[in-house]
S.K.: 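Before I ask anything, here is the structure I am working with.
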Amino acid sequence: MLLLPDRRKFRCFLFVLFLYPLLSVTFAFAGYPAGNETVLLSLDFTTTGPDARQWLKRHGFILKKDMANDRFIRLAGSKDRGLLISVNQSAFGLAVRRVLDLYDVGRVEVQWGVTRYPQGADWRRGVHREPLMVTLFFGPKVAADHFYLPDSPFFIGLFLCKDGGRSIPFIGKSYRQTGRYYCCDDAGANLLSTSTVNIAAAYRKWFATDVVPPLTGIGIEVDTSDLADGSARAWLKKIVLYKRIQGGKKNVHR
């Protein structure tokens, strides 16, 4: 047993009791050193204010499907948690910002959390639904694998899950050659998760290529469609994109 002075014992007790349950930090693709990084893009959703949809539009996001309809997906702003997302029934919506051209993206950091996971969602069992997903798009649009789907760039979708499946790059039922979905953290309800992913390394590995195109878009997605109880709650506090560190493997552009 490790014996600590009384004061140190008390401090450790306070940390375990009060701070640790409130914070979950995930580092995917470990070994990515901190420091010597340049911020390419930072989106702070704690500045959203009362009209979240107008804030998103002012920052270049286009609202699609149910994301544009407050009857299906409610959006609000919070100084503490950022963008609050509330769904009371089965819904699918997304906000997409496509006018980007960011080269040499190294890693992405997302601060977010889930208050209520949709019942029945389970990526390991093929039920690909989530209360919140942050999607990163790379390069130009390419043809979709089904005629009825819109063309899309290559993309990686990041999300939180509660029933396992963490750190597994899932392949969806559509966009099988051009899309990957990744649970950054097996996070419990009401926990603030800070998820860090070396997105350049992930892109190279998952798409089996040395070519990492520029990041050309960011999406915020909610999908509880086809679930008996599609209600869900989540929040998005911050998204930060960092440039590749000096000395790391350089992205290749063609």
S.K.: Tell me the closest heavy-atom pair linking I171 and H128, and the distance in Å.
M.R.: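 Minimum heavy-atom contact is O-CE1, 3.9 Å.
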S.K.: May I ask you to decide whether D44 forms a salt bridge with K238, counting only side-chain N to carboxylate O separations under 4.0 Å?
M.R.: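 Between K238 and D44 there is no salt bridge, as every charged N stays at least 4.0 Å from the carboxylate O atoms.
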S.K.: Quick one: closest heavy-atom pair of R98 and K141, and the distance?
M.R.: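 Distance-wise, the nearest heavy atoms are NH1-CE, 3.4 Å.
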S.K.: Just wondering, are more than 12 heavy atoms of other shown residues or ligands nearer than 6.0 Å to CZ in R125?
M.R.: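 Not more than 12 within 6.0 Å, no.
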S.K.: What are the two closest heavy atoms between W112 and L160, and how far apart are they?
M.R.: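 Residues W112 and L160, closest heavy atoms: NE1-CD2, 3.4 Å.
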S.K.: Grab the two heavy atoms, one from S152 and one from F137, that are nearest each other, plus how far apart they are.
M.R.: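 For S152 and F137, the tightest heavy-atom pair comes out as OG-CE2, 3.8 Å.
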S.K.: In this structure, would Y175 and I168 fall into the same cluster of hydrophobic residues linked by side-chain contacts under 4.5 Å?
M.R.: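 Yes, same cluster.
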S.K.: So do L215 and L41 actually touch side chain to side chain, heavy atoms under 4.5 Å?
M.R.: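 Of all side-chain heavy-atom pairs linking L215 with L41, none is under 4.5 Å.
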S.K.: Please confirm whether the ring centroid of H59 lies under 6.0 Å from the ring centroid of F61.
M.R.: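 They do not qualify: ring centres at least 6.0 Å apart.
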S.K.: Any salt bridge between R116 and D229, counting N to O under 4.0 Å?
M.R.: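 Judged by the 4.0 Å cut-off on N to carboxylate O distance, R116 and D229 do form a salt bridge.
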S.K.: Can you measure from CZ (R74) to CG (L84) and round to the nearest 0.5 angstrom?
M.R.: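 So the CZ of R74 and the CG of L84 are separated by 10.5 Å.
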S.K.: Rounded to the nearest 0.5 Å, how far does CD1 of I239 lie from CG of L158?
M.R.: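 So the CG of L158 and the CD1 of I239 are separated by 9.0 Å.
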S.K.: As an exercise, state the distance from OH of Y103 to OG1 of T216, rounded to the nearest 0.5 Å.
M.R.: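 Going from the OH atom of Y103 to the OG1 atom of T216 covers 9.5 Å.
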S.K.: Where the side chain of W55 meets the backbone of T47, is there a donor-acceptor pair that is under 3.5 Å apart?
M.R.: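 Indeed, once roles are kept as given, a pair shorter than 3.5 Å links the two residues.
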S.K.: Ignoring hydrogens and geometry, is there a side-chain-to-backbone donor-acceptor pair from N190 to T115 under 3.5 Å?
M.R.: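 No: the side chain of N190 does not pair with the backbone of T115.
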S.K.: Backbone N or O of L227 within a donor-acceptor pair of the S90 side chain at under 3.5 Å?
M.R.: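 Yes: the side chain of S90 pairs with the backbone of L227.
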S.K.: Which pair of non-hydrogen atoms, one from E130 and one from W123, has the smallest distance, and what is that distance?
M.R.: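 Result for this residue pair: OE1-CZ2, 3.3 Å.
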S.K.: Rounded to the nearest 0.5 Å, how far apart are OG1 of T135 and CZ of F159?
M.R.: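 These two atoms lie 10.5 Å from each other.
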S.K.: Taking side chain as C-beta onward, heavy atoms only, is L63 less than 4.5 Å from N69?
M.R.: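 Of all side-chain heavy-atom pairs linking N69 with L63, none is under 4.5 Å.
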S.K.: For T224 and R129, test the side chains for any donor-to-acceptor distance below 3.5 angstrom and give the result as yes or no.
M.R.: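 No pair is found: no donor N or O on one side chain lies under 3.5 Å from an acceptor on the other.
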S.K.: Do V142 and V212 belong together in a cluster built from hydrophobic side chains that touch within less than 4.5 Å?
M.R.: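 Yes: a chain of side-chain contacts under 4.5 Å links V142 to V212.
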S.K.: Treating R233 as the side-chain partner and V87 as the backbone partner, does any N or O pair qualify as donor plus acceptor under 3.5 Å?
M.R.: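 Checking the backbone N and O of V87 against the side chain of R233, a donor-acceptor pair under 3.5 Å is found.
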S.K.: side-chain contact (heavy atoms from CB on, under 4.5 Å) for V105 and Y242? Distances and angles first, verdict last.
M.R.: CA-CA 6 Å; V105 174; Y242 293 94; over 6 Å; no
S.K.: Spell out, yes or no, whether I62 and I73 are grouped together once hydrophobic residues are joined by side-chain heavy atoms under 4.5 Å, including indirect joins.
M.R.: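 As far as the 4.5 Å side-chain criterion goes, I73 and I62 are not connected within one cluster.
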S.K.: I want to check a possible cation-pi pair here: R81 against W235, using under 6.0 Å from ring centre and within 45° of the ring axis as the test.
M.R.: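 That pair qualifies as a cation-pi contact.
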S.K.: Can you tell me if S42 uses its side chain to pair, donor with acceptor, with the backbone of V240 under 3.5 Å?
M.R.: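 Absent.
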S.K.: Taking atom CG of L43 and atom CD1 of I220, what is their separation to the nearest 0.5 Å?
M.R.: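 That separation rounds to 7.5 Å.
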S.K.: Is the F207-F155 ring centre distance short of 6.0 angstrom?
M.R.: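 No, too far apart.
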S.K.: From R71 CZ over to D66 CG, what is the distance, rounded to the nearest 0.5 angstrom?
M.R.: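 These two atoms lie 8.5 Å from each other.
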S.K.: With a 3.5 Å distance limit and no angle check, can you tell me whether D223 reaches the backbone of F92 through a side-chain donor-acceptor pair?
M.R.: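 No, the answer is negative, given that no donor and acceptor are paired below the 3.5 Å cut-off.
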S.K.: Test your reading of the model: is there a side-chain donor-acceptor pair from S193 to the backbone of S195, 3.5 Å cut-off?
M.R.: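 Checked: no pair found.
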S.K.: Could you check if a side-chain atom of L75 sits within less than 4.5 angstrom of a side-chain atom of L56, using non-hydrogen atoms only?
M.R.: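 L75 vs L56: side chains touch.
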S.K.: Would you name the heavy atoms of D145 and R176 that are closest together and state the gap between them?
M.R.: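 Closest approach of D145 to R176: OD2-N, 3.0 Å.
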S.K.: Please check if Y181 and V96 belong to a single hydrophobic cluster, counting links between Ile, Leu, Val, Met, Phe, Trp and Tyr side chain heavy atoms closer than 4.5 Å.
M.R.: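 Cluster IDs for Y181 and V96 match.
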